[in-house]
Amino acid sequence: MTIAALGDSLTQGYGLLQEEGFTAQLQDWLDAAQSDVTLINAGVSGDTTAGGLSRADWTLTPDVDAMIVALGGNDVLRGTAPEIARANLAGILDIAALKNVPVLLIGIDVPENYGTDYKSQFTAIYTDLAAEYDTLLIDSFLRPLTEIGPMSEVLNTYFQGDGIHPNAKGVSIIVQSVGPSVSDLADQVRARSAQ
């Protein structure tokens, strides 16, 4: 079974050795769980929901059985209007639905730089779309790290020097949190093929 991880630098593994990145560590986790899943790293540093939408169709080749969608962080950094990001993500989910590919949607923690309205509207995109398209959902890619303790300690221990991208230790904690949902995604594929 093949699962494509469509995302940005967090998926791509920015600043890390190849074997330390998100998809590599998640592959190791799945192998250890004997999940018989091959991950494709379809992460592109700097990518937005618009970029993901432009890549979704050709990422979902006939041999891809499921997809992880982890986009939106760069949209927030650019102040993209929530309704535009929502439409782009909905477009990605439309393509997945057309190809009968189940999805795990991973949201982001939105800072309050643009105000509480922006934050609440952007955060709602993920829960709304997961309900509308019946996808699996993880609220936030980085939350397994941000919940550990005081942010200053977390940044020193689990993030690279830029304070944005996790280091290898941080990625490991994210993978431990995300892994079971990816196993659930694989189970959805198996259930569909058994029908």
Side chain to side chain contact (heavy atoms under 4.5 Å, CB included) with I174: which of I138, L26, L145?
L145
Using atom types as modelled and distance alone, determine if a side-chain donor or acceptor of D8 lies under 3.5 Å from a backbone N or O of S45.
no
When clusters are formed by joining ILVMFWY residues with side-chain heavy atoms under 4.5 Å apart, either directly or through shared neighbours, do L137 and V110 land in the same one?
yes
CG (L77) and OG1 (T48) are apart, to the nearest 0.5 Å, by 11.0 Å
Are any of the side-chain nitrogens in D65 or R192 under 4.0 Å away from the carboxylate oxygens of its partner?
no
Would you find a donor on one side and an acceptor on the other, under 3.5 Å apart, between the side chain of K99 and the backbone of L60?
yes
Does the side chain to side chain contact (heavy atoms under 4.5 Å, CB included) test come out yes or no for D139 and Y126, once each step is laid out?
CA-CA 7 Å; D139 287 338; Y126 299 93; over 6 Å; no
List the steps, then state whether side chain to side chain contact (heavy atoms under 4.5 Å, CB included) holds for F159 with N167.
CA-CA 5 Å; F159 280 79; N167 60 23; 5.7 Å; no
Donor-acceptor under 3.5 Å (E147 side chain, P144 main chain)
no
Count I, L, V, M, F, W, Y as connected when their side-chain heavy atoms are under 4.5 Å apart, and connections chain through other members. Are V189 and V69 then in the same cluster?
no
Hey, does the side chain of Y133 reach the backbone of A96 with a donor-acceptor pair shorter than 3.5 angstrom?
no
Connected via hydrophobic side-chain network under 4.5 Å: I95 and L129:
yes
Side chains of W29 and V182: does their closest heavy-atom pair fall under 4.5 Å?
no
Search all heavy atoms of P82 against all heavy atoms of Q121 and return the closest pair with its distance.
CG-OE1, 3.7 Å
Can you tell me how far the CG atom of D47 sits from the OG atom of S9, to the nearest 0.5 Å?
9.5 Å
When you compare the side chain of N113 with that of K119, does any pair of heavy atoms fall below 4.5 Å?
no
Taking A168's backbone N and O only, do any of them form a donor-acceptor pair with E20's side chain (distance below 3.5 Å, no angle check)?
no
Going by heavy atoms in the side chains, are L16 and V171 under 4.5 Å from each other?
yes
Report, as yes or no, whether the 6.0 Å neighbourhood of atom CD on E132 holds more than 12 heavy atoms from other residues, nucleotides or ligands.
yes
Strictly distance-based, threshold 3.5 Å: is any side-chain N or O of S193 a donor or acceptor partner for the main-chain N or O of R190?
yes
If only atom types and distance count, is the side chain of Q188 paired as donor or acceptor with the main-chain N or O of P102 below 3.5 Å?
no
Treat each ILVMFWY residue as a node, draw an edge where side-chain heavy atoms are under 4.5 Å apart, and state whether I108 and I106 are in one component.
no
Closest heavy-atom contact between I92 and G52?
CD1-C, 3.7 Å
Treat each ILVMFWY residue as a node, draw an edge where side-chain heavy atoms are under 4.5 Å apart, and state whether F141 and L6 are in one component.
no
Partner of T61 under side chain to side chain donor-acceptor pair (under 3.5 Å), chosen from D57, D63, T59
D63
Enclosure of D36 CG (heavy-atom neighbours >12, cutoff 6.0 Å):
no
Could you give the distance from CG (L89) to CD1 (I84), rounded to the nearest 0.5 Å?
12.0 Å
Should F22 and V175 count as side-chain neighbours, where that means a heavy-atom distance under 4.5 Å?
yes
Ignoring hydrogens and geometry, is there a side-chain-to-backbone donor-acceptor pair from T157 to V154 under 3.5 Å?
no
Please examine the side chains of T49 and R86, heavy atoms only from C-beta on, and report whether any two atoms are closer than 4.5 Å.
no
Please check this pair: side chain of T80 against backbone of V76, looking for a donor-acceptor N/O pair closer than 3.5 Å.
no
Locate the shortest heavy-atom distance separating A70 from T11; write the atom from each residue and the value.
CB-OG1, 3.9 Å
Can you tell me how far apart CG (L10) and OG1 (T23) are? Round to the nearest 0.5 Å.
12.0 Å
Is a side-chain N or O of Q27 found less than 3.5 angstrom from the main chain of V37, in a donor-acceptor match?
yes
Testing the 3.5 Å rule here: is there a donor-acceptor pair between the side chains of D109 and S140?
yes
So how far is it from L93 CG to N88 CG, rounded to the nearest 0.5 Å?
11.0 Å
Any side-chain heavy-atom pair from L185 and I3 closer than 4.5 angstrom?
yes
How long is the straight-line distance from CG of L105 back to OG of S181, given to the nearest 0.5 Å?
11.5 Å
For this output row, return yes or no: ring centroids of F122 and Y114 closer than 6.0 angstrom.
no
